[in-house]
Asker: 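Dropping a structure here in structure tokens format, bear with me for questions.
Order of appearance sets the numbers: ligands from 1, and atoms from 1 within every ligand.
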Amino acid sequence: MSLVTLRELLKDAQERNYAVGAFNTNNMEIIQAIIEAAEEERSPVILQASQGGLKYAGLEYIVAMVEVAAKNATVPVALHLDHGTSFEQIVKCVRAGFSSVMFDGSKHPLEDNIQKTAKVIEVAQAAGLSVEAELGKIGGTEDDITVSEEDAMMTNPEEAKYFVEKTNVDALAIAIGTAHGPYKGQPKLDFDRLKTIRSLVSTPLVLHGASGVGEDSIRKAIELGITKINIDTDIRQAFTRGVQDVTNNKPEEFDPRKILGPAKEEMKEIVKQKMRLFGCSNKA
Ligand SMILES: O=C(CO)COP(=O)(O)O
Ligand SMILES: O=C[C@H](O)COP(=O)(O)O
Ligand SMILES: [Zn+2]
Ligand SMILES: [Zn+2]
């Protein structure tokens with residue numbers, strides 16, 4: 001199957017009240033783990049790469065591997081740029097064959113964010129891609145920039161309404177208390193804020209920083225209108241567990257296939273669990 005757009009995937013998710021998992025990837029084993037999990041769960045899936053991920057693996061490698069995965073898949077697959085902040089990088093992704101991009105303008109004042117997002121939408125939607133934007137600052141680290149808890153700023157519902165009216169964006173990432181990276185304790189999500197945003201905005205809503213968020217909170221967020229959920233840290237930790245299991249127990253092992261293979265299985269299991277939790281299993 002050829003790549004699909006966010007708009008196509010999230011429209012069905014809204015209609016059937018589930019969320020689609022968006023999983024970050026930086027290499028072949030992570031791509032394979034995610035795609036195999038999607039096939040076994042009969043789940044639509046979003047594979048996403050950040051600017052740092054593209055820098056590490058190479059844009060052409062990521063596109064080529066995901067295109068091969070999508071071609072052989074029997075479930076719908078989207079390839080999405082995560083937290084794009086550079087217009088040039090976004091244009092490169094559009095040209096390279098991505099089916100969706102995020103423009104992360106959350107660090108700009110509202111009107112600047114709107115204007116920059118509109119510029120990305122003009123280029124990306126003209127090429128048939130979907131665009132995700134962000135309003136409100138999510139804590140944690142993205143692109144090596146760390147946003148402290150006090151600087152993280154929850155999304156203002158009225159601003160969200162104004163933003164989507166001005167931009168007609170395909171998906172909106174909102175800040176309701178999550179943060180990128182591992183949590184020290186259980187994050188407390190502002191569900192009242194999510195409910196108010198949902199009452200004002202019909203655009204599909206995106207939850208970043210979802211690794212480590214409790215299952216009940218995830219279910220409630222989906223119930224209240226979240227339809228794309230981003231997972232990176234849980235995959236990184238599964239990868240590391242898999243590698244360390246081998247290197248700690250079989251220090252003599254030097255065949256990368258015997259070290260990365262178990263890591264792939266660990267990641268696949270985590271992704272399958274997330275798909276069941278998000279309700280996207282059996283929705284392909
Ligand atoms: O938001 C994310 C990617 O954009 C991932 O968040 P986590 O670090 O919680 O996995
Ligand atoms: O934004 C957070 C994602 O997990 C991507 O992180 P990264 O920029 O380290 O690749
Ligand atoms: Zn951001
Ligand atoms: Zn994110």
Asker: Show me the short polar-atom pairs for ligand 1: any N or O of it lying under 3.5 Å from a protein N or O, with distances only.
Answerer:
from	atom 1	to	atom 2	distance (Å)
ligand 1	1 (O)	His180	NE2	2.9
ligand 1	1 (O)	His208	ND1	3.4
ligand 1	1 (O)	Gly209	N	2.9
ligand 1	4 (O)	Asp82	OD1	3.0
ligand 1	4 (O)	Asp82	OD2	2.7
ligand 1	4 (O)	His83	NE2	3.2
ligand 1	4 (O)	His208	ND1	3.2
ligand 1	4 (O)	Asn230	ND2	3.0
ligand 1	6 (O)	Gly209	N	3.2
ligand 1	8 (O)	Gly181	N	2.9
ligand 1	8 (O)	Thr233	OG1	2.6
ligand 1	9 (O)	Ala210	N	3.3
ligand 1	9 (O)	Ser211	N	3.0
ligand 1	10 (O)	Ser211	OG	2.6
ligand 1	10 (O)	Asp232	N	2.6
ligand 1	10 (O)	Thr233	N	2.7

Asker: Quick one: which of Asp12, Ile46, Thr227 gives a side chain to side chain contact (heavy atoms under 4.5 Å, CB included) with Val20?
Answerer: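 That would be Ile46.
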Asker: I need the minimum non-hydrogen distance between Lys137 and Ala175, along with the two atoms involved.
Answerer: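 Result for this residue pair: O-CB, 3.7 Å.
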Asker: Can any side-chain N or O of Asp170 pair as donor or acceptor with the backbone N or O of Val131 at less than 3.5 Å?
Answerer: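 Pair found, side chain donor or acceptor close to backbone of Val131.
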Asker: Could you give me a count of protein N/O/S atoms that are under 2.8 Å from the Zn ion (ligand 4)?
Answerer: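 That number is 3, waters not included.
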Asker: Is a side-chain donor-acceptor pair under 3.5 Å present for Gln89 with Lys55?
Answerer: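 Side chains of Lys55 and Gln89: no pair found under 3.5 Å.
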Asker: I'd like to know if the side chain of Ser130 reaches the main chain of Arg7, judged simply by a donor and an acceptor atom lying under 3.5 Å from each other, with no hydrogens or angles considered.
Answerer: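 Indeed, once roles are kept as given, a pair shorter than 3.5 Å links the two residues.
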Asker: With Lys268, which of Gln32, Glu40, Glu29, Gln273 fulfils side-chain hydrogen bond (donor to acceptor under 3.5 Å, both in side chains)?
Answerer: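 Filter result, single survivor: Glu40.
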Asker: Counting only N and O atoms by type, is there a donor-acceptor contact under 3.5 Å from the side chain of Lys283 to the main-chain atoms of Gly279?
Answerer: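 The answer is yes, because a donor-acceptor pair under 3.5 Å joins these two groups.
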Asker: Are the side chain of Arg193 and the backbone N or O of Thr155 linked by a donor-acceptor pair below 3.5 Å?
Answerer: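 Side chain of Arg193 to backbone of Thr155, a donor-acceptor pair under 3.5 Å: yes, one is there.
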Asker: Would you find a donor on one side and an acceptor on the other, under 3.5 Å apart, between the side chain of Thr247 and the backbone of Val243?
Answerer: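 Indeed, once roles are kept as given, a pair shorter than 3.5 Å links the two residues.
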Asker: Report the name of the N/O/S atom of Glu134 located nearest to the Zn ion (ligand 3).
Answerer: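 It is OE1 of Glu134.
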Asker: Taking the six-membered ring for Trp, are His208 and His180 parallel (under 30°), tilted (30 to 60°) or perpendicular (over 60°)?
Answerer: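 If you compare the ring of His208 with that of His180, the planes turn out perpendicular.
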